[in-house]
Amino acid sequence: MQKLQDVREEAINETKQKIDEDIMRYMQERKSCPTFDDYVTDRRSFFHQVWINTWLNRVTNDLMLSHKKAFLRSRGIELNGMEKKWVNQLFRNEIREIDPFDGEAWLKETVKAGQEWRDRFDAVKDQQKEDHARIKRSTLQKEIRRDILQWVEDQVRKKELAWYAELRYLMAQKVAGDIGNKKKFILEEDQLREEGAFHSSHYPLLEDFMGEFTGSLNKKSEHWDRDAWEYETYLAPYERFSSYHADQLIMNSMLEALSEDHLERYLEAFGQPLNMERLSRMNHPLFLSIMNTWFNWLGEEKVERLLEIAEGPWDPEVQLISLTADMEEREEREREEREEQERKQREEEAMMESIFGREYSAPGKSNIRYILHLGETNTGKTHTALESMKKARSGMYLAPLRLLALEVYDKLNREGIPCNLKTGEEEKVTVGALHSASTVEMFHEKDHYDVVVIDEAQMISDQDRGYAWYRAITKSRAKEVHIIGSTNVEELLFRLLSEEDVTVHHYKREIPLQVEAKEFKLRSAKKGDAIVCFSRKKVLETASRLQSGGHKVSMIYGSMPPETRKKQMMQFIEGKTNLIVSTDAIGMGLNLPIRRIVFLETEKFDGTRRRRLSSQEVKQIAGRAGRKGLYEVGKVSFSRHVKAMEKLLHQEDRPLNRFAVAPTSSVFERFQRYSNHLGTFFELWDRFQSPEGTEKASLIEEKELYERIEGSDIEARLSLDDLYGFLHLPFSKKEDRLITQWLQCMHAIIDGEELPEPVIRTRNLEQQELSYKSVGLHLLFLYRLGRQTEAAYWERVREEIADGVHDSLSDEVQSYSRTCRSCGKKLPPEFGFSICDRCHGNRSKRKRRRLS
């Protein structure tokens with residue numbers, strides 16, 4: 001094997017080099033020349049060991065695993081199924097004594113025991129003497145350099161003000177010349193235009209004047225194809241002027257003051273005299289710091305004071321006295337500014353405490369009984385809590401999704417328990433109802449119920465929506481509050497309800513989850529499967545491929561209207577479809593007869609980046625598999641990374657330790673004692689440090705929307721509470737058309753005009769879904785303005801649009817079906833080409849005929 005031979009040659013050369021190095025160390029440790037035979041006798045075991053170590057390291061690291069396996073097989077060793085680490089160990093054992101290098105024999109052949117050995121000893125000793133001399137010289141150099149640096153620092157402390165006084169005088173003369181003799185320029189349309197003379201009164205400090213243009217061009221940077229230029233300000237020439245004269249002042253003074261002892265010792269240590277350049281290089285960091293400090297001081301000098309200094313003659317003593325007085329005045333001014341800043345900071349801290357205070361601390365003890373229902377998905381938690389609410393005289397169910405609130409509303413009314421519905425976009429009043437189903441954001445803390453049920457409590461940690469759960473959990477007025485959530489929220493809930501009467505019920509799955517070892521392929525989809533992917537487009541594409549394979553498919557995705565989503569679910573429940581394709585929307589509260597959950601994707605885009613699913617996301621979705629009473633086991637399948645995803649499914653949840661906080665009406669009320677400007681509130685909110693264990697809502701969408709109306713009549717004519725309420729309306733703020741509609745409605749409100757009707761377009765599914773959102777935004781305005789009668793009409797319009805979405809789904813899915821671009825024949829779901837086999841064959845035949 002040539003590669004093995006090459007590695008052996010490299011190991012031999014490395015071994016020879018190590019033996020040569022060992023000879024040098026051996027001789028360095030001895031005062032007189034040892035005999036060659038003594039060395040060989042003393043180091044015989046070393047020769048063998050150094051070869052073994054070098055050879056094994058080389059051959060292990062430089063040979064590929066395939067080469068090692070080939071070597072072992074050549075020696076009759078069977079390797080089937082053997083792990084890499086055992087192959088390496090076996091290889092090292094077998095190769096260890098193969099064709100060893102005899103270091104002693106090589107040494108005796110190449111090194112003569114007589115004069116050559118003694119000459120080598122003399123060379124080693126000469127090198128030792130040189131090394132000792134170099135170390136001594138280096139020590140002397142360090143000592144004199146340290147002494148000079150210390151001396152320079154002492155001189156700086158003594159003379160810094162005197163040097164700066166002279167630099168200030170020189171700068172004063174330059175400034176007087178520039179202001180008195182040069183012209184002022186202004187920049188117009190990328191060109192400088194002369195504007196006349198400078199007026200010193202326009203520039204309180206020199207740094208203000210440094211921003212003026214000199215009239216010259218200054219090279220800014222070099223690009224690969226051109227140089228970039230910009231108009232020069234006085235900053236650059238003044239900085240050069242200050243650096244040059246500061247350097248001259250310091251260096252001339254230092255060289256004159258250096259003692260003869262310093263100069264002689266430097267010459268002895270370095271073999272060359274100490275001059276200005278070497279002294280500057282030695283003290284460069286210190287001098288650079290001094291020059292930067294002085295230039296900053298010059299920038300803070302009053303221009304009028306510099307002009308006064310320039311009129312007088314140079315007198316070191318007079319200028320030093322003047323500088324000392326000016327610096328004392330500046331220090332006093334800085335002290336006053338610092339005290340003013342500290343005063344403002346104390347006032348702001350007091351204001352922040354007054355506004356936010358203990359708003360987000362845990363509530364005190366109440367007479368409410370809290371029942372926590374904690375466990376995995378699909379374990380009957382919500383059913384148990386709702387049963388308690390149904391038995392109560394009055395109750396409220398708070399849901400994370402409008403669809404879930406609608407589901408409970410329908411369920412209770414169907415069972416003869418009158419129930420109202422209230423979400424941001426709709427209100428349905430049932431005669432005699434004492435029960436209500438609502439989205440959690442619609443919770444009103446003044447309402448009283450016998451039982452309140454709060455679903456999906458782990459959402460309390462969501463940065464943007466979590467405060468709605470915090471408010472519902474801590475501000476509910478009821479005899480009993482049932483809180484439903486995953487097990488990882490238990491610790492956080494106990495911290496919030498530390499003084500309350502709390503009972504905990506833990507729920508375990510009765511239907512076990514079973515992960516399939518084989519990676520899922522779409523062609524193996526079966527009845528009862530729910531196939532999960534993470535975009536609307538992927539849902540429609542997957543549904544199209546499944547329908548092409550003969551399946552009947554229901555679909556669920558985030559932007560789908562809840563009414564449409566409900567119809568799609570019912571088709572699956574009633575057996576009209578045998579498969580369901582969904583985004584992760586399936587993971588929250590939707591109880592469906594699912595046999596198997598299939599993760600067609602294991603990553604999702606979370607708004608900023610594409611990332612792997614978290615353990616909690618996998619559990620939430622996978623938990624929907626295995627409906628009790630239908631299946632004895634819930635199956636879970638992954639299209640890739642099966643072992644890694646199974647590990648996430650069984651991974652213990654990390655306890656939630658933070659809950660989200662957001663502005664409250666109390667906070668706004670206290671803020672208005674100081675200001676009515678919402679922009680100021682957003683600035684304070686950004687600076688507000690929320691209490692430990694909490695996380696502020698970012699308010700990014702509200703701030704972006706506010707920027708569109710800041711300073712307008714909308715802001716001027718609305719109270720701060722009303723304005724924030726409109727900014728906080730829950731609509732899709734990523735849609736430009738909805739942003740435009742929001743602005744039009746806001747202008748209509750302050751102008752006393754009718755709200756503009758939403759634009760409704762129904763040509764395709766995407767237009768219908770956007771129209772649904774547009775009507776939803778219109779309803780948000782109507783309900784906020786108390787126009788329920790008008791809202792009833794638009795709710796019917798929205799239902800018609802939702803029906804249209806449902807009807808259009810099949811057409812949209814059909815558009816994703818792939819057909820042969822030549823003959824139009826439907827292609828198989830996983831066909832990899834744009835034309836069918838028959839058309840491809842005909843094309844090939846025609847091509848062969850032309851060639852023949």
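In this text the structure is predicted, and so the values were computed from the model without any measurement.
Not counting sequence neighbours, the partners of E617 by the salt bridge (charged side-chain N to carboxylate O under 4.0 Å, His left out) test are K604, R611. Shown here are the side chain to side chain contact (heavy atoms under 4.5 Å, CB included) partners of K527, two or more places apart in sequence or in another chain: N578.
A salt bridge links E415 and K390; the closest N-O separation between the charged side-chain nitrogens and carboxylate oxygens is under 4.0 Å. Salt bridge annotation for K428-E795: absent, with no cationic side-chain nitrogen under 4.0 angstrom from a carboxylate oxygen. Comment: K381 does not engage D455 in a salt bridge, judged by the lack of any side-chain N to carboxylate O separation of less than 4.0 angstrom. Note on E735 versus K773: salt bridge recorded, some NZ/NE/NH1/NH2 to OD/OE distance being below 4.0 Å. Salt-bridge check for R536 with E769: passed, with a basic side-chain N closer than 4.0 Å to an acidic carboxylate O.
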Take E715 and L723 through the test side chain to side chain contact (heavy atoms under 4.5 Å, CB included) and record every step on the way to the result.
-> CA-CA 7 Å; E715 181 177 25; L723 179 59; 3.9 Å; yes

List the steps, then state whether side chain to side chain contact (heavy atoms under 4.5 Å, CB included) holds for K479 with R369.
-> CA-CA 6 Å; K479 295 176 182 178; R369 181 172 175 241; over 6 Å; no

Given ring-ring contact (aromatic ring centres under 6.0 Å, His included), test F659 with W469 step by step and report yes or no.
-> CA-CA 9 Å; F659 62 87; W469 273 265; over 10 Å; no

Could you give me the CA-CA distance, side-chain angles and deciding distance for E456 and Q458, then say whether side-chain hydrogen bond (donor to acceptor under 3.5 Å, both in side chains) is met?
-> CA-CA 6 Å; E456 303 291 354; Q458 68 275 5; 2.6 Å; yes

Decide yes or no on side chain to side chain contact (heavy atoms under 4.5 Å, CB included) for I594 and F572, but give the supporting numbers first.
-> CA-CA 9 Å; I594 297 169; F572 182 70; 4.0 Å; yes

Please walk me through it: do D464 and S698 pass side-chain hydrogen bond (donor to acceptor under 3.5 Å, both in side chains)?
-> CA-CA 7 Å; D464 294 317; S698 64; 3.2 Å; yes

L492 and F494: side chain to side chain contact (heavy atoms under 4.5 Å, CB included), yes or no, with the steps?
-> CA-CA 5 Å; L492 180 55; F494 268 112; over 6 Å; no

Steps toward side-chain hydrogen bond (donor to acceptor under 3.5 Å, both in side chains) verdict (E695, S690) | CA-CA 7 Å; E695 185 172 7; S690 65; over 6 Å; no

Enumerate, atom names and distances included, each donor-acceptor pair closer than 3.5 Å involving a side-chain atom of residues 752-765, sequence neighbours excluded.
| from | atom 1 | to | atom 2 | distance (Å) |
| --- | --- | --- | --- | --- |
| E754 | OE1 | R787 | NH2 | 3.1 |
| N764 | OD1 | E766 | N | 3.2 |
| N764 | OD1 | Q767 | N | 2.8 |

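Formation of a donor-acceptor pair under 3.5 Å by the R477 side chain with backbone atoms of K446 is found in this model. The backbone N or O of F534 lies less than 3.5 Å from no partner atom in the side chain of T583, so there is not a single donor-acceptor pair. Formation of a donor-acceptor pair under 3.5 Å by the R595 side chain with backbone atoms of D529 is not found in this model. Using a distance-only test at 3.5 Å, with no hydrogens or angles considered, no donor-acceptor pair links the side chain of Q768 to the main chain of I801. Side-chain atoms of R670 come within 3.5 Å of backbone N or O of I355 as a donor-acceptor pair. Judged by distance alone, the side chain of S476 and the main-chain N or O of A478 form no donor-acceptor pair under 3.5 Å. Under the 3.5 Å distance criterion, the side-chain polar atoms of E500 are matched with a main-chain donor or acceptor of S366. A donor-acceptor distance shorter than 3.5 angstrom exists from the side chain of T384 to the backbone of G380, with no hydrogens or angles considered. A donor-acceptor pair under 3.5 Å is absent between the side-chain atoms of T564 and the main chain of M560, judged by distance alone. Remark: the backbone N or O of N488 is not paired with any side-chain donor or acceptor of D653 at under 3.5 angstrom.
Taking the side chain as every heavy atom from C-beta outward, C419 and T430 never approach each other to under 4.5 Å. Between E480 and M389, the closest side-chain pair of non-hydrogen atoms is not below 4.5 Å. A heavy-atom distance below 4.5 Å is found between the side chains of R798 and E426. L738 is listed as a side-chain neighbour of S774, based on a closest heavy-atom distance under 4.5 Å. Counting only heavy atoms from C-beta outward, the side chains of D803 and K567 approach each other to under 4.5 Å. Using a 4.5 Å cut-off on side-chain heavy atoms (C-beta onward), L785 and I749 make contact.
Checking H778 against Q741 by side-chain atom types alone, no donor-acceptor pair falls below 3.5 Å. No side-chain donor from either of S486 and E376 sits under 3.5 Å from a side-chain acceptor of the other.
Ring geometry, W685 versus Y360: the interplanar angle exceeds 60°, so the pair is classed perpendicular (tilted spans 30 to 60°). Using bins of under 30°, 30° to 60° and over 60° for the plane-to-plane angle, the ring pair Y507/H505 lands in the perpendicular bin.
For the pair K733 and F731, the cation-pi criterion (under 6.0 Å, within 45° of the ring axis) is fulfilled. The cationic atom of R471 (NZ for Lys, CZ for Arg) does not lie both less than 6.0 Å from the six-membered ring centre of F443 and within 45° of the ring axis.
In summary, the aromatic rings of F671 and F668 are positioned with their centroids too far apart to meet the 6.0 Å limit.
Each of Q568, E563, K566 was compared with H806 under the side chain to side chain donor-acceptor pair (under 3.5 Å) criterion, and only Q568 meets it.
Across every non-hydrogen atom of I556 and A585, the tightest pair is CG2-CB, 4.1 Å.
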